[in-house]
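Data block below; observations after.
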Amino acid sequence: MTPVFLDIEASSLSGWPIEIGLSRLGPIGIDTWSCLIQPRPGWSEADWDPRSAEIHGIARERLHTAPAAEIVTKAVEARLGAHVLSDCPEFDGKWLAMLLRRPVQLLHFDDAVSDTFGAEALGRAQDLLATLPHPHRAGPDAEAMAQVWLELVQGR
């Protein structure tokens, strides 16, 4: 299994995606791509929550100059793989489906760790993840999962 690690920041828990991050293990390390998302016209401004903006630090105004959702969709489709892992598939899956306009099966990061490395590796993975910065930004948060996966692969 060659997983892609996914994280999405959103306008609110009930809102729409504003930033997506994808990471994967490459031949010379971790390859991470992230992008802000200009909302589609149908995505309601009522779903913008200033409390969410405080958490991820992305001001609504920054999205005016972000790539259009259609452009981001094409870039994401080109980067997705068969195994997409998320630490919160319930929300990330909803936002990804909204962006792509189709459902995508996401695997829970914890389940994938247990299935791939054994149940005993899960505690180690959670400990490693807890030591890495989580700035609530899609790229760095996806990369943190990839970093833990890489360390498990390398047996550290």
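Note that this is a predicted model, so its numbers are computed, not measured.
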(request) Kindly check if the number of other-residue, nucleotide or ligand heavy atoms within 6.0 Å of CZ (Arg102) is above 12? (result)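 Counting other residues, nucleotides and ligands, CZ of Arg102 exceeds 12 neighbours.
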Under a 4.5 Å cut-off applied to non-hydrogen side-chain atoms, are [X] and [Y] in contact?
X: Trp149; Y: Thr116; result: yes
X: Asp87; Y: Asp7; result: yes
X: Thr73; Y: Arg101; result: no
X: Trp43; Y: Ile37; result: yes
X: Phe117; Y: Leu122; result: no
X: His134; Y: Leu129; result: yes
X: Leu107; Y: Asp111; result: no
X: Arg79; Y: Val4; result: no

(request) Output every pair passing side chain to side chain donor-acceptor pair (under 3.5 Å) with a member in residues 135-146, not counting sequence neighbours, ordered by first then second residue. (result)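 Residue pairs with at least one partner in residues 135-146: Glu19-Arg137, Thr32-Glu143.
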Test of understanding: clusters of I, L, V, M, F, W, Y form through side-chain heavy atoms closer than 4.5 Å, transitively. Do [X] and [Y] belong to the same one?
X: Leu25; Y: Leu132; result: yes
X: Val148; Y: Val153; result: yes
X: Ile30; Y: Ile20; result: no
X: Leu85; Y: Trp33; result: no
X: Leu106; Y: Trp16; result: yes

Please name the pair of heavy atoms, one in [X] and one in [Y], separated by the smallest distance, quoted to 0.1 Å.
X: Gly21; Y: Ala138; value: N-CB, 3.2 Å
X: Pro39; Y: Arg60; value: CG-NH2, 3.5 Å
X: Ile18; Y: Trp48; value: CG2-CZ3, 4.0 Å
X: Ser52; Y: Ser11; value: CB-O, 3.4 Å

(request) Quick one: list whatever passes ring-ring contact (aromatic ring centres under 6.0 Å, His included) with Phe109, sequence neighbours left out. (result)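 Phe109 satisfies ring-ring contact (aromatic ring centres under 6.0 Å, His included) with no residue once adjacent residues are dropped.
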N/O donor to acceptor pairs below 3.5 angstrom from side-chain atoms of residues 89-100, sequence neighbours left out:
| from | atom 1 | to | atom 2 | distance (Å) |
| --- | --- | --- | --- | --- |
| Asp92 | OD1 | Ile8 | N | 3.4 |
| Asp92 | OD2 | Ser86 | OG | 2.6 |
| Lys94 | NZ | Leu13 | O | 2.5 |
| Trp95 | NE1 | Gly15 | O | 3.4 |

(request) Could you tell me whether the side chain of Thr131 and the main chain of Leu128 form a donor-acceptor pair under 3.5 Å? (result)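 Side chain of Thr131 to backbone of Leu128, a donor-acceptor pair under 3.5 Å: yes, one is there.
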(message) For Pro67, is there any backbone N or O sitting under 3.5 Å from a side-chain donor or acceptor partner on Gln38?
(response)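 Looks like no, no N/O pair under 3.5 Å.
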(message) Can you tell me how far apart CD (Glu120) and OG (Ser114) are? Round to the nearest 0.5 Å.
(response)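 Those atoms lie 8.5 Å apart.
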(request) Give, for atom CG of Asp49 and atom CD of Glu54, the distance between the pair rounded to the nearest 0.5 Å. (result)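 One finds 8.5 Å between CG of Asp49 and CD of Glu54.
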